[in-house]
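See structure below.
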Amino acid sequence: MVVMLARVFPLCRLGAGEQTGTVIATFPAPQGTLVIVDDHARFREAAGERLAAAGWRIVGEAATGAAAIDLVARLAPDVVLLDVVLPDMDGFAVADRLAAAGSASAVVLTSGHDRRDFSARLQSAPVRGFLPKEMISGPALATLLAGDQM
């Protein structure tokens, strides 16, 4: 469970005797391990920071499809966040190879391209879903993994 403490400041000036408020919010944090596969190091870093802050444990990163297949075989993460466009093979080929190898990791494809560019392939791919790069967050990933497609 994640506990968030936030200081609340009124939008107007404080008068005599008025104080700021404190809000405590709790929500369940996703529990699990994650591998991020993308050929851009800065994206891997940013996505990793965002997802780690939401409770995910980033156990590995890969820049190519071949490295991803090896890494997932060794680490068996709960989730693989997999870019569609990689230098050696596309994310769909990586997902196919992971499934053929018997990987139990949930694969979530991501891209800066529009989902419609891949919609036909997404229907038959052995993946849990697709998450646009600009929407990557802990809640978005949890929603997708819970079965609510993004």
Side-chain angles (χ1 to χ4, degrees), residues 1-9 11 21-150:
M1 178 168 300
V2 173
V3 176
M4 181 181 295
L5 178 65
R7 201 73 156 137
V8 180
F9 295 92
L11 294 176
T22 301
V23 175
I24 299 175
T26 61
F27 53 94
Q31 298 297 317
T33 56
L34 185 99
V35 165
I36 300 173
V37 183
D38 194 283
D39 56 329
H40 293 97
R42 180 63 192 122
F43 173 79
R44 291 192 311 268
E45 179 184 347
E49 288 172 358
R50 181 175 286 182
L51 293 169
W56 290 94
R57 190 165 57 95
I58 313 305
V59 295
E61 296 181 3
T64 66
I69 292 166
D70 176 61
L71 195 61
V72 171
R74 285 188 295 111
L75 299 176
D78 297 316
V79 178
V80 179
L81 184 63
L82 176 61
D83 190 12
V84 172
V85 181
L86 295 168
D88 58 342
M89 66 183 86
D90 69 25
F92 291 98
V94 175
D96 287 338
R97 291 185 188 185
L98 291 173
S103 172
S105 300
V107 176
V108 175
L109 291 172
T110 188
S111 179
H113 296 273
D114 191 278
R115 175 191 179 91
R116 291 174 293 204
D117 295 345
F118 315 111
S119 60
R121 292 182 77 187
L122 280 169
Q123 297 298 329
S124 61
V127 300
R128 290 291 294 273
F130 177 86
L131 192 58
K133 284 187 175 182
E134 66 272 7
M135 291 183 63
I136 291 175
S137 69
L141 184 58
T143 298
L144 188 145
L145 292 171
D148 300 328
Q149 292 295 320
M150 298 297 287

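The figures here come from the full heavy-atom set of this structure, side chains too, leaving out hydrogens, waters and symmetry mates.
Taking OG from Ser103 and CG from Leu75, the interatomic distance works out to 11.0 Å, rounded to the nearest 0.5 Å. The CG atom of Asp39 sits 8.0 Å away from the CZ atom of Arg44 when rounded to the nearest 0.5 Å.
Of all heavy-atom pairs spanning Ala68 and Val94, the tightest one is CB-CG1, 4.3 Å. For the residue pair Val80 and Ser105, the shortest heavy atom distance occurs at CG2-CB, 3.8 Å. Considering every non-hydrogen atom in both His113 and Phe130, the closest pair reads O-CZ, 3.8 Å. When all heavy atoms of Ala95 and Pro126 are compared, the pair lying nearest together is O-CG, 3.6 Å. Summarising the geometry of Asp78 relative to Gly32, their closest heavy-atom pair is OD2-CA, 3.0 Å, with the distance given to 0.1 Å. Closest approach of Pro77 to Val35, counting heavy atoms only: CG-CG2, 3.5 Å.
Looking at residues two or more places apart in sequence or on another chain, you find no side-chain hydrogen bond (donor to acceptor under 3.5 Å, both in side chains) involving Arg97. Applying the side-chain hydrogen bond (donor to acceptor under 3.5 Å, both in side chains) test to Arg121 and every residue at least two apart in sequence or in another chain returns Asp90.
Side-chain contact between Leu141 and Leu34: present, with at least one pair of heavy atoms (C-beta onward) separated by less than 4.5 Å. Looking at heavy atoms from C-beta onward, Phe92 lies in side-chain contact with Leu109 at the 4.5 angstrom threshold. In this structure, the side chains of Lys133 and Asp83 come closer than 4.5 Å at one or more pairs of heavy atoms. Arg50 is listed as a side-chain neighbour of Ser137, based on a closest heavy-atom distance under 4.5 Å.
A donor-acceptor distance shorter than 3.5 angstrom exists from the side chain of Thr110 to the backbone of Leu131, with no hydrogens or angles considered. Not a single donor-acceptor pair under 3.5 Å links the side chain of Arg128 to the backbone N or O of Val108. Under the 3.5 Å distance criterion, the side-chain polar atoms of Asp88 are matched with a main-chain donor or acceptor of Gly65.
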### Task
Quick one: do Met89 and Ile69 satisfy side chain to side chain contact (heavy atoms under 4.5 Å, CB included)? Show the steps, please.
CA-CA 11 Å; Met89 66 183 86; Ile69 292 166; 4.2 Å; yes
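Residues in residues 62-71 take part in these side-chain hydrogen bond (donor to acceptor under 3.5 Å, both in side chains) pairs, two or more places apart or across chains: Asp70-Arg74.
For the pairing with Trp56, the side chain to side chain contact (heavy atoms under 4.5 Å, CB included) check across Ile36, Leu51, Leu81 returns one residue only, Leu51.
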